Amino acid sequence: SNVFNLSILIDAVNDAPEITQLETTALVYEPGTGPLAMTATVKVEDVDNDHLSFARIWFGESYQMGHDELLFNNTTNIRGIFDISTGELSLIGYATLAEYEEAFRTVTYNYLLTEGEQGNGSEIPPGAKTLHLQIHDGQAASETKTRNIEMETTAMLDIPSAFSPNGDGANETWNIQ
């Protein structure tokens with residue numbers, strides 16, 4: 001019998017990284033109370049890489065420029081850049097999966113309250129805001145995961161007791177605070 005040489009060519013396949021264990025319950029946030037951590041339990045996994053290159057966190061349609069912000073303190077290997085025009089926080093740097101998990105856990109959300117020309121507080125739109133999260137290993141991006149933020153607002157009715165705008169003794173001016 002004759003010997004037949006066979007060569008097998010194997011192409012390595014890169015599997016995309018995954019975001020797992022992200023909370024499914026909405027964050028409850030009251031504007032004016034300061035920054036709130038985006039997640040406490042998130043995990044990142046990649047079966048064929050032990051490092052990631054970057055991550056993205058963004059608002060999408062629910063972003064309110066000048067009010068919504070994502071905050072991050074740079075680490076040794078990961079730098080954060082928040083684009084105020086789009087509402088996207090980019091985490092950039094070649095770092096381990098554990099470093100990216102910790103980076104995600106230190107990202108905070110804050111809603112900036114502003115005052116108008118009349119000294120009135122800014123209107124806080126009702127409804128949920130949605131954060132989108134994605135990681136990248138330098139070759140493939142993960143599926144996008146989401147986490148909602150429920151804006152909790154309290155309204156107080158301010159009825160002055162000693163003010164009558166037209167002098168008729170009737171109190172006609174009410175302010176919602």
Side-chain angles (χ1 to χ4, degrees), residues 19-44 52 54-93 95 99-136 142-167 170-177:
I19 298 171
T20 62
Q21 297 185 26
L22 180 65
E23 298 93 327
T24 56
T25 57
L27 284 171
V28 178
Y29 182 79
E30 184 172 349
T33 60
L36 179 67
M38 176 188 72
T39 180
T41 65
V42 72
K43 294 269 189 196
V44 296
L52 296 174
F54 63 92
R56 299 172 51 214
I57 305 165
W58 70 99
F59 289 96
E61 299 292 322
S62 62
Y63 177 62
Q64 261 195 299
M65 188 168 59
H67 295 286
D68 292 318
E69 63 181 356
L70 294 171
L71 306 170
F72 175 74
N73 290 321
N74 293 340
T75 69
T76 303
N77 293 323
I78 302 172
R79 188 175 121 203
I81 301 169
F82 182 68
D83 185 340
I84 194 167
S85 65
T86 63
E88 182 172 321
L89 174 64
S90 298
L91 302 179
I92 304 166
E99 288 174 293
Y100 268 94
E101 280 179 11
E102 186 58 30
F104 270 142
R105 292 177 186 164
T106 63
V107 170
T108 57
Y109 168 73
N110 192 40
Y111 187 89
L112 297 172
L113 295 174
T114 58
E115 289 188 5
E117 294 176 13
Q118 312 295 318
N120 299 327
S122 57
E123 184 177 327
I124 301 165
K129 295 185 173 289
T130 302
L131 286 177
H132 304 270
L133 294 78
Q134 188 178 59
I135 54 178
H136 203 287
S142 69
E143 289 184 14
T144 300
K145 299 291 184 172
T146 59
R147 178 115 199 246
N148 286 335
I149 301 172
E150 291 291 336
M151 301 299 278
E152 185 175 88
T153 58
T154 55
M156 299 182 322
L157 191 57
D158 178 22
I159 305 173
S161 60
F163 180 70
S164 178
N166 60 3
N171 190 348
E172 296 131 342
T173 302
W174 298 1
N175 298 313
I176 296 180
Q177 298 180 338

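Note that the numbering runs from 1 along the sequence shown for the chain. Because only heavy atoms are used, hydrogens play no part in the values below, and waters and symmetry mates are left out as well, while side chains stay in. Quick caveat: nothing in here was measured; it's all calculated off a predicted structure.
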Once rounded to the nearest 0.5 Å, what's the spacing between atom [atom1] of [X] and atom [atom2] of [Y]?
{"X": "N74", "Y": "I81", "atom1": "CG", "atom2": "CD1", "result": "8.0 Å"}
{"X": "L22", "Y": "T146", "atom1": "CG", "atom2": "OG1", "result": "7.5 Å"}
{"X": "I57", "Y": "M38", "atom1": "CD1", "atom2": "CE", "result": "4.0 Å"}
{"X": "T24", "Y": "N148", "atom1": "OG1", "atom2": "CG", "result": "10.0 Å"}
{"X": "T144", "Y": "R56", "atom1": "OG1", "atom2": "CZ", "result": "7.0 Å"}
{"X": "Q64", "Y": "K129", "atom1": "CD", "atom2": "NZ", "result": "4.5 Å"}

If you measure only the distance, is there a donor-acceptor pair under 3.5 Å linking the side chains of T41 and E23?
yes
No-hydrogen, no-angle side-chain donor-acceptor test under 3.5 Å, S85 and D83:
yes
Where do [X] and [Y] come nearest, in terms of heavy atoms and distance?
{"X": "I135", "Y": "A55", "answer": "CG2-CB, 3.9 Å"}
{"X": "I78", "Y": "F72", "answer": "O-CE2, 3.8 Å"}
{"X": "L91", "Y": "A103", "answer": "CD1-CB, 4.1 Å"}
{"X": "G34", "Y": "N110", "answer": "C-OD1, 3.3 Å"}
{"X": "D68", "Y": "F82", "answer": "O-CZ, 3.9 Å"}
{"X": "V28", "Y": "E152", "answer": "CG1-OE2, 3.5 Å"}

Sorted by chain and residue number, the ring-ring contact (aromatic ring centres under 6.0 Å, His included) partners of Y63 (sequence neighbours excluded) come out as F59
Would you say the side chain of [Y] lies within less than 4.5 Å of the side chain of [X], judging by non-hydrogen atoms?
{"X": "I149", "Y": "L131", "answer": "yes"}
{"X": "I124", "Y": "L113", "answer": "yes"}
{"X": "T86", "Y": "W58", "answer": "no"}

For S142, is there any backbone N or O sitting under 3.5 Å from a side-chain donor or acceptor partner on Q134?
yes
side-chain contact (heavy atoms from CB on, under 4.5 Å) partner of V42, the single match among K145, R147, R105:
R105
Which residue, L70, L36, L71, forms the side-chain contact (heavy atoms from CB on, under 4.5 Å) with T108?
L71
Pair Y111 and Y29, ring centroids less than 6.0 Å apart:
no
Pairing residues for E150 by the side chain to side chain contact (heavy atoms under 4.5 Å, CB included) criterion, not counting sequence neighbours
A26, A128
